[in-house]
Amino acid sequence: MMMIQKFTMGAPIATDAVVGEAAATDFARFPYAYRVENGQFIFSFTMAPDEIVYGLGEAPRGINKRGWVYQSYCSDDPFHTETKQSLYGAHNFLIHGERGIFIDFPARIRWDIGYTRADKAEITLYGTDFDIYLIEEKTPRDIVRAFRRLIGQSYIPPFWAFGYQQCRWSYHNADAVRSVIAQYDAADIPLDCVYLDIDYMERYKNFTVDEQAFPDFDRFVAEVRAQDIHLIPIIDAGVKQEDGYAVYEEGKEKGYYVKTADGSDFEGGVWPGIVGFPDFLRPEVRAWFGRQYRFLTDKGIEGFWNDMNEPAIFYSREGLRKALAAAADLQGQNLDLGKFFGLKDAFAGLSNSQEDYARMVHEIDGKPVSHQRVHNLYGACMTRAAGEYFEQAFGKEKILLFSRASIIGSHRCGGIWFGDNHSWWSHILLCLRMLPSVNMCGFLYCGADLGGFNENATADLVLRFLALGVFTPLMRNHSALGTRDQECYRFENTSDFRDVIQVRYRLIPYLYRTFRHAAENNDMIFRPLSFDYPDDVQARECETQLMLGEECMIAPVYEQNAGGRTVYLPEDMTFFRLSGSSVTAQPLSKGLHDVRVALNEVPLFIKKGKSVPLCPPASRTALLETDKTEWITG
Ligand code: GLC
């Protein structure tokens, strides 16, 4: 009989992460060494030399989290290097040995997993009001299943959200969008969604459309829908402060924005200049903000991505005032090292500053609560605002929704994407490693910006990235303003891109079924090899391959100028090279192999006796003949 124990200290702030049952247990029975020090709760455990520690969802580094220090603190940081400690999500779930630990706590947590001392994990909660859940099961997969039952079923998007999606910051007007669709069609590359980044709005105001750039928006949405393409606009957390802008004014009049200690609205600068941040932690604000999406759903829009909701703050009025004053003081001076770098830091430190976060005040049950106590809930509550409205207005599985910031709990309302990665080869692996980790935490609909967001991509990088993206539920190519064009038709050998993306469409019946099964059974889509082969040393240490569903293993090529890679087979499998409609099979025995994979091929390994259905490729998910499948068998 499965039993989850719940240990409570103080008076925790409700996060609504947990929906299942757990047994309230006396803190005297908390099995870890702990102390309370300077308002922090610190607990620790020792790790056996070969013990693997899993978890933390969207985070830097490996699947095995040992050997680094991480922080749960939703961060708008576009440099996902291995020296970082946080990304956009705060996913407080860890597995070690036969135990899963979930810390239900919305403030900062520091996870030292063998950083200070290789054999010791020390976890610091920046506060003393929390719930900790301990889940004991025999295997990591069973721990995950029990944990996922506790936190409730993952979000399931509409079927078409499994199609290939093209994004860019930005397609500036309707003709730019038309051209993307026309060029994909001309190149005969499948496509289901085109994204509208911030420039579709009128001066970056949420729930507006720039009428010059997108005249007659309703008709435009219908025109595109008639081609079976979905337009997916972005929504940012902050609402532009502007007289006469109805959304802003209504929020202002009702007192819906995050405040400062003196009761005035907190003012931060983001894309549109100064914005008010809706206090999504309040149910009435969520309901109000959720209803605003109607402006776009009434125009035929069926999908959204929520952004800048860590929240990202470029500057605050106070911060800017201080930095400008520092600059004015130094005017005309001969700046030595200290002064010059001090000045530089005054400006560099303006964005996402701890001082600003510390000045923000939320309202919970009518009482003021400092932002730092609830930081990680902000973006998640924005997802809830939208997701709860969509479910109530349209029913389940109708609207595509994913977010940048998240916490465990928001996995029930929407998916996530992995934010502003780079067009770096190492980011193929970073994406791969996050997939099982976020699955453990309930996030199933997810993916990285394929081809990489920041900096310039090359054709081979985009192809190899796509060949991993073929398997990620969210398969979206996205890149930043000012970077090289990254749509598939921009590169030479366009047919290579067609070959790879057609494989996605051929696999959609299988991938969709695997996704649904994982959602409905609180299971993972992607698993580390060590979950399935716990006694196999090479499988345990493998961080470049994943198990997919019950049938497959994936092993993308992740290095430039490599015509293949080394792959470890933990059992006999058949190596399939899928490319357009072509399928090549090669049975391989357990062990290490060098496999050759051309740029237009997707490698897939199928276990002996297992089968995967392939349907004919189609240019849209709506045109897929999902019942016309041929099976490939390992
Ligand atoms: C943020 C998002 C990115 C988007 C950009 C402009 O950086 O993460 O995806 O393109 O903002 O809206």
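Keep in mind the model is a prediction, meaning the values are calculated, not measured.
- In this structure, Y378 and H371 have perpendicular ring planes: the angle between them is above 60°, well past the 30° mark.
- Taking the six-membered ring where the residue is Trp, the centroids of F7 and F30 are separated by under 6.0 Å.
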Practice item. Given side chain to side chain contact (heavy atoms under 4.5 Å, CB included), test R110 with V69 step by step and report yes or no. Key: CA-CA 7 Å; R110 182 175 187 274; V69 61; 3.7 Å; yes

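- The list of salt bridge (Lys or Arg N to Asp or Glu O under 4.0 Å) pairs with a residue in residues 63-79, not counting sequence neighbours, reads D76-R404, D77-K84.
- Taking the six-membered ring where the residue is Trp, F27 and Y34 present perpendicular rings, their angle passing 60° and hence far from 30°.
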Practice item. Give the C-alpha distance, both sets of side-chain angles, the deciding distance and a yes or no for salt bridge (Lys or Arg N to Asp or Glu O under 4.0 Å) between D26 and R29. Key: CA-CA 6 Å; D26 192 329; R29 288 169 57 196; over 6 Å; no

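- Take N454 and apply the side-chain contact (heavy atoms from CB on, under 4.5 Å) test, not counting sequence neighbours, and it matches P78, D420, H422, A480.
- Every pair passing salt bridge (Lys or Arg N to Asp or Glu O under 4.0 Å) that includes a residue from residues 543-554 is listed here, sequence neighbours excluded: R141-E550, R433-E543, R513-E551.
- Identified under the salt bridge (Lys or Arg N to Asp or Glu O under 4.0 Å) test for residues 368-384, with sequence neighbours left out: D16-R384, D129-R373, R384-E388.
- The ring of H411 has its center no closer than 6.0 angstrom to the ring center of Y445.
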Point to revise | Test ring-ring contact (aromatic ring centres under 6.0 Å, His included) applied to F575 and F605, step by step | key: CA-CA 5 Å; F575 166 44; F605 299 82; 5.0 Å; yes

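- Of all non-hydrogen atoms in A59 and L430, the two that sit nearest each other are O-CD1, 4.2 Å.
- The NZ atom of K120 sits 4.5 Å away from atom OG of S44, with the distance rounded to the nearest 0.5 Å.
- In plain terms, the two heavy atoms of R35 and E37 that are nearest each other are NE-OE2, 2.8 Å.
- Y512 has its ring centre no less than 6.0 Å from the ring centre of F515.
- Separation of the H96 and Y32 ring centroids falls under the 6.0 Å cut-off.
- The heavy-atom pair separating D523 from R148 by the smallest distance is O-NH1, 2.8 Å.
- Heavy-atom minimum distance, G591 versus H593: O-CD2, 3.3 Å.
- When ring centroids are compared, Y54 and F531 come within the 6.0 Å threshold.
- The CZ atom of R476 sits 4.0 Å away from the SG atom of C167 when rounded to the nearest 0.5 Å.
- The line from CD1 of I4 to CG of L134 is 9.5 Å long, rounded to the nearest 0.5 Å.
- Applying the salt bridge (Lys or Arg N to Asp or Glu O under 4.0 Å) rule to pairs touching residues 434-447 yields nothing, sequence neighbours excluded.
- The CG atom of L432 sits 10.5 Å away from atom CZ of F465, with the distance rounded to the nearest 0.5 Å.
- Annotation: Y88 is in aromatic contact with H80 [ring centroid separation under 6.0 Å].
- Residues satisfying the ring pair (Phe, Tyr, Trp, His ring centres under 6.0 Å) criterion with F130, sequence neighbours excluded, are F41.
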**Study point:** Verdict with reasoning, E318 to R359, per salt bridge (Lys or Arg N to Asp or Glu O under 4.0 Å)
**Key:** CA-CA 10 Å; E318 287 70 13; R359 287 189 312 103; 2.9 Å; yes

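- For the atom pair T383 OG1 and R412 CZ, the distance stands at 12.0 Å (nearest 0.5 Å).
- Using a 4.5 Å cut-off on side-chain heavy atoms (C-beta onward), K607 and M547 make contact.
- With rounding to the nearest 0.5 angstrom, the CG atom of L150 is 9.0 Å from the NZ atom of K6.
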